[in-house]
Amino acid sequence: MSTVKHFLQFKDFTREEFDYLFERTRWIKEQFKAYQRYWPLADRTLVMIFEKASTRTRLSFEAGMQQLGGSAIYLNTRDSQLGRGEPVEDAAQVISRMSDIVMIRTFEQDIIERFAANSRVPLINGLTNEYHPCQIMADIYTFIEQRGPIQGKTVAWIGDSNNVCNTWLQAAEVLDFNVHVSTPPGYEVEAERAGLYGTGHFEQFADPMEAARGADLVTTDVWTSMGFEAENEERMRDFADWQVDADMMRVARPEAVFMHCLPAHRGEEVSAEVIDGPQSVVWDEAENRLHVQKALMEYLLLGRINV
Ligand code: CP
Ligand code: NVA
């Protein structure tokens, strides 16, 4: 089982693999836009397991698998045996005998690692408390599409040091760019939890304006992630000064883009003016989830395609 390739966190792939995947994404997206049928995964089945809510991740994986000629099955905690205490190791044994590839959205990263250790088929992280690697693949693809190579660029992360932030930090190490992070006191990045090598690709700033200054990309996310709802009230108070607004975008580079993985809360982590404004690329970012994940599934199931 150890020879099966999984995508559990961003650093599971090398820079060279991402270069290949972004190239494939471009081609796969072109075929889709031209209504060209491309069914390399005919007869393959994706199982999607959701222990948390989702719109984009479910849609993009399910539509993506169908567009590649395969089929997708949706399971959630509420109406499967996972919610009734079946060990994740047993679920992995069974599910991976009946499918070709699995995607999981769950709580602790440990759950996904235990599943992977017992899976006969590739496993994709569709978000855990710690990481959201498919999101950052889509975000970086979007940046490249809009602005060219990301190497050497500066990304400003404003707000919570959550799963999406941790993944940006891993990506910076793998793809050689910089992240300027500003969180409220008490919510700083934990390098170990983020799974960093410590290559000096990020810097923390007390003042969010200083983190945004000169950035090529400004991004944020909800103040309260799924699974942390009990802290919501306290977080609303603690994060009040960490909103990405027009003043903050003004100190970034003039050609800077704004990104948000969505869903967004206008008036909290981002002002309506910014997310609905000309620098925002959030809809392209969401769409690109579809295209990068098609390239990812193709790669995990078929390896490299030479075209
Ligand atoms: N960005 C993202 O993963 O969205 P969903 O929670 O809707 O899947
Ligand atoms: N950080 C958010 C991302 C949602 C896509 C969460 O985990 O809820």
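Hydrogens, waters and symmetry mates play no part in the numbers below; they use all other heavy atoms, side chains included. When a ligand or atom number is given, it counts from 1 through the structure's own listing order.
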### Query
Would you say the side-chain atoms of S60 and Q293 include a donor-acceptor pair closer than 3.5 Å?
yes
### Message
Side chains of Q9 and Q170: any donor to acceptor distance under 3.5 Å?
### Response
yes
### Task
Please confirm whether R58 comes under 4.0 Å of ligand 1, counting heavy atoms of the residue only.
no
### Query
Based purely on interatomic distance, does C261 place a nitrogen or oxygen under 3.5 Å from a nitrogen or oxygen of ligand 1?
yes
#### Entry: Interatomic distance, M249 atom CE to S271 atom OG [nearest 0.5 angstrom]
9.5 Å
### Query
Do Y299 and L123 share a hydrophobic cluster (ILVMFWY, side-chain heavy atoms under 4.5 Å, transitive)?
no
### Summary
So the atoms of ligand 1 within less than 4.0 Å of a heavy atom of T55 turn out to be 5 (P), 7 (O), 8 (O)
### Summary
Of all protein heavy atoms, the one nearest atom 4 (O) of ligand 1 is R56 NE, 2.8 Å
### Message
As an exercise, identify every atom of ligand 1 less than 4.0 angstrom from a heavy atom of L262.
### Response
1 (N), 2 (C), 4 (O)
### Task
Decide, yes or no, whether a salt bridge links E287 with K33 under the criterion of side-chain N to carboxylate O below 4.0 Å.
yes
### Nitrogen or oxygen of R289 less than 3.5 angstrom from that of ligand 1
yes
### Query
Salt bridge or not for R250 and D247, using N-O below 4.0 Å?
yes
#### Entry: Quiz item: cation-pi between R58 and Y74, 6.0 Å / 45°
yes
#### Entry: Heavy atoms from other residues, nucleotides or ligands near CD of E229 exceed 12 (cutoff 6.0 Å)
yes
### Task
Check the side chains of T183 and W242 for a donor-acceptor pair under 3.5 angstrom, ignoring hydrogens and angles.
no
### Query
Who's the nearest protein heavy-atom neighbour of atom 6 (O) of ligand 1, and how far?
R105 NH1, 2.8 Å
Measure from every N or O atom of ligand 2 to the protein's N or O atoms and keep only the pairs below 3.5 Å, writing each with atom names and distance to 0.1 Å.
from, atom 1, to, atom 2, distance (Å)
ligand 2, 1 (N), N162, ND2, 3.3
ligand 2, 1 (N), N163, OD1, 2.9
ligand 2, 1 (N), D221, OD2, 2.6
ligand 2, 1 (N), S225, OG, 2.7
ligand 2, 7 (O), N163, ND2, 2.8
ligand 2, 8 (O), M226, N, 2.8

